[in-house]
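So the structure is just underneath, and the comments pick up after that.
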Amino acid sequence: MAFSEQAVREVLQQHIDPNTGKDLISSKAVKRLHLDGNTVQLELAMPYPGQRFFPQFAEQIRQAVQAATGAASVQVQIRSEIVAHAAQRGVPHIPGVKNVIAVASGKGGVGKSTTAVNLALALAAEGARVGMLDADIYGPSQPTMLGVESVRPESPDGKHMTPVQSHGLQIMSIGFLIDPEQPMVWRGPMVTQALLQLINETQWDNLDYLVVDLPPGTGDIQLTLAQKVPLTGAVIVTTPQDIALIDARKGLKMFEKVNVPILGIVENMSMHICSNCGHAEPIFGEGGGARMGQDYKVELLGQLPLDLGIRRSTDAGSPTVVAEPDGQIAEIYRQIARRVAVRVGDMQQDFSAKFPKIVIQQS
């Protein structure tokens, strides 16, 4: 093959990104292609964070281009380019937030909050700017899971709050504002107002993703979020057994009715791993998440084991992705996070912030 820009483009057209399933030309990933003498300079931008993945992918591209063209040197740079994507029509976007991802479940006890915090941490570990909103007004758990239960957010102007920082996340929760032993005996309208204040009165700082940990069920908080908060998409967490899947299906259908895309399903507690011998046993059944995905044509993002280490790390305020970043379970969370980010990247972009404001004045 001749050494030319067209020859390089032909190589890139045949090179598939394993995360998106698209070639580098049709996906418009190529932002700069320059030939300088016998050197190729290539700059790619991906619509998802991939800090751990990009170096090896860049090396694969470099070798392919060099082998096909005979270039003396091939320089490949890959970066993330995460943009805002469209949400429900008529819902204003949150200042400082590009994309909002809701993590929901139909019932409690399926590990939704643990999944949400590790999803957020995995996105951050891949290089994204991530926030965590604990939307469970009655039972906030994220402050404890992230080891900041004794921290209180600051208010620089008396009207807005600065999110609490932990493990690279920007965090907000009602748990920061109340006594941990104080029961929240609030009715629906008060809970709704508290949730909207937490979202809109927090000074989020240039977030690529805001992960929202929803309480279980399909009540006031879920409906408020679906109708008044610009959700890019939702992740449904379930366990394999039928009783959990019944409620998870209800949660999925609720988001569909309010036109919030389902990014995928996470099956938690897919199997129990014995801490002594390592034997894996599906004590809650098998294949439930996969069957649900097939029924609703939704991707099964990943399956997580019932592992003692997950519980220990979250109780200690250092979730698995942070506590054991090179472990097998952390890798599963990173794969789930990458699939979520890729699904978001495939969605329609939101260009509303680029539209000029038209003001009519009488002279």
Side-chain angles (χ1 to χ4, degrees), residues 19-20 27-29 45-51 53 79-104 112 115-135 142 163 168-172 195-196 198-200 202-214 222 224-237 255-256 258-266 298-299 301-302 321 333-355:
N19 293 304
T20 65
S27 63
K28 300 180 180 179
M46 303 301 183
Y48 59 88
Q51 195 163 280
F53 169 72
R79 57 180 169 83
S80 295
E81 192 174 83
I82 302 168
V83 300
H85 292 82
Q88 310 94 303
R89 185 173 299 176
V91 179
H93 89 286
I94 304 170
V97 179
K98 294 177 183 177
N99 302 287
V100 183
I101 300 170
V103 179
K112 169 190 54 59
T115 300
V117 71
N118 278 292
L119 169 62
L121 290 167
L123 287 168
E126 290 293 287
R129 294 180 63 85
V130 186
M132 165 60 71
L133 175 69
D134 189 350
Q142 292 300 340
L169 300 182
Q170 300 176 35
I171 314 153
M172 185 50 64
L195 174 62
L196 292 177
L198 286 177
I199 295 173
N200 296 318
T202 299
Q203 293 180 320
W204 304 108
D205 183 13
N206 190 28
L207 295 181
D208 295 315
Y209 307 99
L210 175 61
V211 177
V212 182
D213 178 16
L214 283 173
Q222 290 83 355
T224 296
L225 199 79
Q227 294 172 348
K228 297 185 178 182
V229 176
L231 293 179
T232 311
V235 174
I236 306 298
V237 181
F255 283 112
E256 285 186 342
V258 293
N259 298 317
V260 173
I262 305 299
L263 300 173
I265 299 167
V266 174
V298 174
E299 180 180 356
L301 299 169
V321 171
Y333 280 123
R334 280 195 297 271
Q335 291 173 359
I336 291 171
R338 197 173 299 155
R339 289 305 309 152
V340 168
V342 168
R343 290 297 306 275
V344 169
D346 282 340
M347 293 182 173
Q348 180 182 356
Q349 293 187 23
D350 179 13
F351 296 104
S352 59
K354 299 182 179 180
F355 292 160

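In this chain, residues are counted from 1 in sequence order.
Under the 4.0 Å criterion applied to side-chain N and carboxylate O atoms, Asp208 and Lys98 are assigned as salt-bridge partners.
Scanning all heavy atoms of the two residues, the minimum distance from Arg339 to Asn19 falls at NH1-O, 2.6 Å. In terms of heavy atoms, Ala135 sits closest to Val212 at CB-CG1, 3.7 Å. Here the closest non-hydrogen pair linking Gln88 and Val260 is NE2-CG2, 3.9 Å. Nearest heavy atoms, Ser80 versus Gly50: OG-N, 3.8 Å. Shortest non-hydrogen contact noted between Lys112 and Val103 is CD-O, 3.6 Å. Heavy atoms only, all atoms of each residue included: Ile262 and Arg343 are closest at O-NH2, 3.7 Å.
Distance CD1/Ile336 to CG/Leu119: 8.0 Å, rounded to 0.5 Å. Considering CD of Glu81 and NZ of Lys28, their distance stands at 12.5 Å, rounded to 0.5 Å. Put simply, CE on Met132 and CG on Leu121 are 7.0 Å apart, with the number rounded to the nearest 0.5 Å. The structure places CD1 of Ile94 at 9.5 Å from OG1 of Thr202, a figure rounded to the nearest 0.5 Å. Between the CD1 atom of Ile236 and the CG atom of Leu214 there is a distance of 9.0 Å, given to the nearest 0.5 Å. From Leu133, atom CG reaches atom CG of Leu169 across 12.0 Å, with rounding to the nearest 0.5 Å.
Here the side chains of Ile199 and Leu225 are in contact, with some heavy-atom distance below 4.5 Å. Counting heavy atoms from C-beta outward, His85 and Val83 have side chains that approach closer than 4.5 Å. Within the 4.5 Å cutoff, the side chain of Thr20 has heavy atoms near those of the Tyr48 side chain. Contact annotation: the side chain of Asp213 never approaches that of Val117 to less than 4.5 Å [non-hydrogen atoms, C-beta and beyond]. In this structure, Phe255 and Leu231 have side chains that are in contact, with non-hydrogen atoms separated by less than 4.5 Å. Within the 4.5 Å cutoff, the side chain of Arg129 has no heavy atoms near those of the Ile82 side chain.
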Item to complete: Evaluate the criterion side-chain contact (heavy atoms from CB on, under 4.5 Å) for residue pair Met347 and Leu263; output intermediate values, then yes/no.
Response: CA-CA 10 Å; Met347 293 182 173; Leu263 300 173; 3.1 Å; yes

Item to complete: List the steps and the verdict of side-chain contact (heavy atoms from CB on, under 4.5 Å) for Ile171 and Asp134.
Response: CA-CA 8 Å; Ile171 314 153; Asp134 189 350; 5.9 Å; no

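When atom types are taken as modelled, the side chain of Trp204 and the backbone of Pro163 share no donor-acceptor pair closer than 3.5 angstrom.
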